[in-house]
Amino acid sequence: MSQFNYIDLFGFSAAFLTTIAFIPQLYKTWQTKSADDVSLVMLILFITGLFCWIIYGLKINSIPILVANIITFIFNFSILILKLTYRNNNQ
């Protein structure tokens, strides 16, 4: 494993900030039991992009890319599941 360097600090900072950015949406969706304002197409495209970032992170052995995108994938996949669940419950 390579030694930690200051460039990685920027990577981890970016990973942290872009990952926690989805927590308010996930919380609001869960609390209100509604995801009507969240685009299904956007979620699917974003989750697909995150999957590609995860593959890329694996190939280049980048911990910041992997950590950020795996956690963000989990958050967004959870929002997708809630959106589908609440949509089916409201019909």
Side-chain angles (χ1 to χ4, degrees):
M1 184 170 178
S2 66
Q3 201 172 26
F4 183 83
N5 61 52
Y6 290 102
I7 293 172
D8 287 336
L9 183 60
F10 285 101
F12 281 111
S13 296
F16 176 74
L17 294 170
T18 58
T19 298
I20 66 166
F22 289 95
I23 292 174
Q25 184 64 59
L26 179 57
Y27 181 75
K28 181 181 178 189
T29 302
W30 180 66
Q31 282 292 104
T32 63
K33 307 285 189 264
S34 173
D36 292 339
D37 293 338
V38 180
S39 167
L40 181 61
V41 173
M42 184 277 302
L43 280 173
I44 292 170
L45 290 171
F46 193 74
I47 289 168
T48 303
L50 289 168
F51 181 75
C52 292
W53 273 115
I54 292 166
I55 299 300
Y56 177 72
L58 285 169
K59 293 296 182 184
I60 67 167
N61 296 319
S62 174
I63 299 299
I65 289 174
L66 284 170
V67 169
N69 289 291
I70 289 170
I71 294 170
T72 305
F73 181 91
I74 292 167
F75 288 163
N76 280 275
F77 193 75
S78 298
I79 293 169
L80 176 63
I81 296 300
L82 291 174
K83 180 169 181 65
L84 296 174
T85 300
Y86 297 148
R87 182 178 66 178
N88 290 336
N89 288 346
N90 292 334
Q91 290 180 353

Peer 1: Can you tell me how far CG of D37 sits from CD of Q25, rounded to the nearest 0.5 angstrom?
Peer 2: 8.0 Å
Peer 1: May I ask you to check if K33 and W30 form a cation-pi contact, with NZ or CZ under 6.0 angstrom from the six-membered ring centre and within 45° of the axis?
Peer 2: yes
Peer 1: Between L40 and R87, what is the shortest heavy-atom contact and its length?
Peer 2: CD2-NH1, 3.8 Å
Peer 1: Same cluster for L26 and M42 if Ile/Leu/Val/Met/Phe/Trp/Tyr side chains link at under 4.5 Å?
Peer 2: yes
Peer 1: Quick one: ring pair (Phe, Tyr, Trp, His ring centres under 6.0 Å) partners of F75, sequence neighbours excluded?
Peer 2: none
Peer 1: Does T29 reach the side chain of Y86, with side-chain heavy atoms less than 4.5 Å apart?
Peer 2: yes
Peer 1: If two hydrophobic side chains count as joined below 4.5 Å and joins carry through other members, does I7 share a cluster with L17?
Peer 2: no
Peer 1: According to a hydrophobic-cluster definition based on side-chain heavy atoms being under 4.5 Å apart (Ile, Leu, Val, Met, Phe, Trp, Tyr only), do I23 and F12 belong together?
Peer 2: yes
Peer 1: Would a single hydrophobic cluster contain both L84 and Y27, if residues Ile, Leu, Val, Met, Phe, Trp and Tyr are joined by side-chain heavy-atom contacts under 4.5 Å?
Peer 2: yes
Peer 1: With rounding to the nearest 0.5 angstrom, report the CG to OG1 distance, L80 to T85.
Peer 2: 9.0 Å
Peer 1: So with a 6.0 Å cut-off around CZ of F73, is the heavy-atom count from everything else above 12?
Peer 2: yes
Peer 1: Show me the side-chain donor-acceptor pairs of residues 43-71 shorter than 3.5 Å, one per line, residues at least two apart or across chains.
Peer 2:
from	atom 1	to	atom 2	distance (Å)
T48	OG1	I44	O	2.8
S62	OG	I65	N	3.4
N69	ND2	I65	O	2.8

